[in-house]
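Computed from a predicted structure; not experimentally measured. Start at 1 and go down the list; that is how both ligands and their atoms are numbered.
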Amino acid sequence: MKKLFSFIILCAFASSIIAQELPVGGPPPPAGGQQMQQTPDVFIPLDTKNTSLVLRVNGRDGRLYQSYFGLKLNNIDNLKQIRDAGHLAYATFGTDNLFEPAVRATHNDGNPSLELKYINQSLEKSVGGKSDVSLNRIFLKDPVYPFEVTLNIKTYNDEDVIEQWVEIKHTEKKPVTIFNYASSMLHFDAEKYWLTQFHGDWAEEMKLQESELTTGIKILDTKLGTRAHMYQTPVFMLSLNEKSDENNGQVIAGTLGWSGNFRFLFEVDEKGSLRIISGINPFASEYSLEPGKVFRTPSMIFTFSDKGKGQASRNLHRWAMNYGILDGTGTRLTLLNNWETTGFNFDEKKLSAILDDTKKMGLDVFLLDDGWFANKYPRNNDRAGLGDWQENKAKLPNGLGYLVKEADAKGVKFGIWIEPEMVNPKSELYETHPDWILKLPNRPENYYRNQLVLDLANPKVQEFVYNVVDGMLATNPGIAFIKWDCNRMMTNAYSVYLKDKQSHLYIDYVNSLYGVLERLRQKYPHLPIMLCSGGGGRVDYGALKYFTEFWASDNTDALERIYIQWGYSYFFPAISVCNHITSWGKQSLKFRTDVAMMGKMGYDIEVDKMTENELKFSQSAIANYNRIKDIIYTGDLYRLISPYEENRAVMMYVNDSKSRAVLFGYTLNTRYGETLNPVKLQGLDPARTYKVQEINVSNEARRGPGMGPGMSQSGRSYTGDYLMKVGLSVGSNTPLTSVVYEITE
Ligand code: DGJ
């Protein structure tokens with residue numbers, strides 16, 4: 001029997017007479033020198049449709065503890081009878097906590113201790129007019145110092161998601177230095193803990209790795225400042241007791257909404273209890289908090305599923321569509337990008353031809369990438385021009401306005417690339433404002449992609465970045481799409497503006513970025529903007545509330561892409577993931593197209609070099625996509641076969657009413673004598689009958705002889721019951737082949 005539940009049952013049985021509190025690390029010392037009076041415990045149940053998080057104020061010491069987190073408890077009375085395991089809901093440092101704290105501060109008199117006692121709570125129902133959203137604010141205070149912490153816990157009932165952030169404030173005479181400031185602290189008591197992490201690098205984002213946590217501390221973090229998620233995305237999954245799979249097991253999926261340095265710390269103590277502390281990475285970031293100012297942490301977003309990772313993902317997807325991503329339940333524009341085909345080398349004539357290609361393909365937008373700006377130091381490669389956001393006169397003599405009009409005349413929209421947070425040393429911006437740049441005053445500049453980061457902590461730089469975007473949109477109101485890039489991390493970073501507060505840089509940078517984005521969104525609330533950071537170097541729900549989508553990776557090789565998209569799919573819904581069909585990879589056009597369809601599809605390919613058949617195939621695939629994209633964007637995702645476990649990958653999306661679905665199947669490799677079992681579908685209604693129709697059929701890009709059974713399935717009807725119990729044949733004996741089934745009631 002699982003440890004937590006056996007513990008609860010045992011204790012409930014043994015304590016039917018008297019509730020006895022466990023001392024925290026031995027007999028409780030008189031906290032803050034004060035004698036606490038025994039008052040009744042206060043329980044704070046925080047429920048969603050299927051889960052409960054129960055906090056408890058211990059009447060004896062006045063502290064706030066986590067009593068329970070897991071499947072929904074219909075009644076917490078039994079919980080009231082058990083002994084508390086002593087898991088502080090927001091552990092401090094300096095008194096009697098023996099493990100990693102959630103918060104640590106040194107007071108204005110130099111005293112390094114913090115004690116937090118429960119004061120009161122408030123409950124706001126129907127937050128933002130949404131009846132399923134509630135916000136609990138739990139107010140804690142140090143009994144000795146005027147230092148306050150408010151835990152904000154928002155529950156999303158229908159999505160089974162909890163969002164937590166913390167506000168820290170004091171009214172001491174002088175600034176207080178805070179060293180740790182977690183967004184959340186969660187405790188678990190299980191037999192074993194299996195952590196799934198998602199790490200990578202440029203062109204190999206979101207690689208999945210699962211390992212068992214052992215006693216001590218395991219940290220997932222980043223210290224890169226900008227392009228902060230290049231090696232680690234701020235996400236994790238944790239399975240309790242045993243490894244979970246897609247449909248079985250207890251799983252917590254968590255993600256931090258923060259575009260800068262983050263840290264997840266997993267500490268297993270000597271009793272086998274686990275605490276997870278999530279938040280901004282405190283590394284090199286002690287923060288001097290002025291009296292009366294509020295330090296607000298980013299949001300930790302998490303969900304619990306007892307039906308495996310698939311359900312955890314669907315919970316987060318639903319939450320993201322409704323609350324996490326800008327216009328998350330809307331639609332998206334298909335596009336043709338020119339980065340892979342022209343690089344920096346283009347002119348009006350070439351672009352005009354690409355506008356024609358956009359129309360010919362049946363796509364919505366042409367996205368003009370890097371290289372369109374700067375004159376004194378033209379942006380003809382990545383060594384110059386970044387920061388000088390005026391149209392390059394040689395390439396675009398008639399300006400962006402001309403291209404916007406051209407696009408309009410040709411019946412497509414126009415989009416543009418920018419990277420407003422960065423600067424090349426070879427630029428007018430660098431020459432005019434050397435003090436706007438993050439660089440050490442007394443050491444050589446350190447370049448990455450030949451560029452430096454602007455000091456967004458400086459309000460003048462914030463104004464500049466805002467004006468780059470606003471100015472461009474004001475002059476060219478027809479711009480219908482933006483790709484916002486960020487191609488380097490911070491190194492040798494020093495802010496002239498921050499003076500003696502250099503340790504504020506990592507935090508102030510991100511908050512300032514959000515400030516600029518907030519202003520832009522007030523003026524341009526729905527303009528589609530793609531979040532890009534040299535591939536997927538900035539992917540998180542702190543940024544995504546300002547962005548409609550993100551660029552998952554510069555690696556568009558369709559085989560690699562299956563793994564990368566698979567990784568993102570655990571936390572981010574398909575509507576937010578941009579996938580382009582390019583010339584990377586050696587797979588057929590069909591294979592590349594099918595892979596890109598599992599998200600927001602676009603192209604970055606030489607349309608004029610396509611054969612007649614390829615063009616026809618693509619046009620019909622785009623028409624197919626436009627017909628089914630709503631299922632992919634807002635449907636439920638089921639990961640049916642993992643590329644990490646088989647030589648196949650199979651995923652399907654099912655719409656809300658279970659009347660339409662689409663299945664994508666890929667054969668990655670083949671082995672002699674390998675048996676490909678039928679794939680059981682999920683999420684359909686067993687009582688309904690569905691027609692299975694293969695789409696994106698290509699004669700040129702043949703799928704190989706082994707697709708025979710697949711062919712015969714196409715056009716037939718099956719009950720949902722059959723499809724979910726017997727399944728469809730998916731796969732072939734030819735590597736790198738694929739199949740897409742449109743499934744309609
Ligand atoms: C990095 C992005 O990931 C690419 O797609 C492209 O926009 C280049 N930057 C342009 O410099």
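Of the heavy atoms in R449, only side-chain atoms (C-beta onward) come closer than 4.0 Å to ligand 1. Contacts with ligand 1 closer than 4.0 Å are made by no heavy atom of S533, backbone or side chain. Looking at D382 against ligand 1, nothing comes within 4.0 Å, counting heavy atoms.
Against a heavy-atom cut-off of under 4.0 Å, C532 is close to the following atoms of ligand 1: 2 (C), 3 (O).
Ring centroids of W339 and H580 are separated by 6.0 Å or more, keeping the two rings apart. Ring pair Y570/Y568: centre-to-centre distance not below 6.0 Å.
Looking at D485, L367, D370 and measuring to atom 11 (O) of ligand 1, the nearest heavy atom belongs to D370.
The protein heavy-atom contact nearest to atom 7 (O) of ligand 1 is D369 OD1, 2.7 Å. Shortest contact from atom 4 (C) of ligand 1 to any protein heavy atom: D554 OD1, 3.4 Å.
Here the CH2 atom belonging to W389 is positioned 11.0 Å from the CG atom belonging to L400, to the nearest 0.5 angstrom.
Ion pair K413/D364 not flagged as a salt bridge, since none of the NZ, NE, NH1 or NH2 atoms sits closer than 4.0 Å to an Asp/Glu carboxylate oxygen.
No side-chain N or O of N261 forms a donor-acceptor pair with one of W258 less than 3.5 Å apart.
Residue contact annotation: K483 has a non-hydrogen atom under 4.0 Å from ligand 1. Residue-ligand proximity: H580 is placed with every non-hydrogen atom at 4.0 Å or more from ligand 1.
Counted within 6.0 Å of NZ on K350, heavy atoms from surrounding residues, nucleotides or ligands total more than 12; the atom is thus considered enclosed.
Backbone and side-chain nitrogen or oxygen atoms of G535 are examined, and one is located within less than 3.5 angstrom of a nitrogen or oxygen of ligand 1.
Exactly one of W319, Y323, F571, F550 qualifies for a ring pair (Phe, Tyr, Trp, His ring centres under 6.0 Å) with Y541. That residue is W319.
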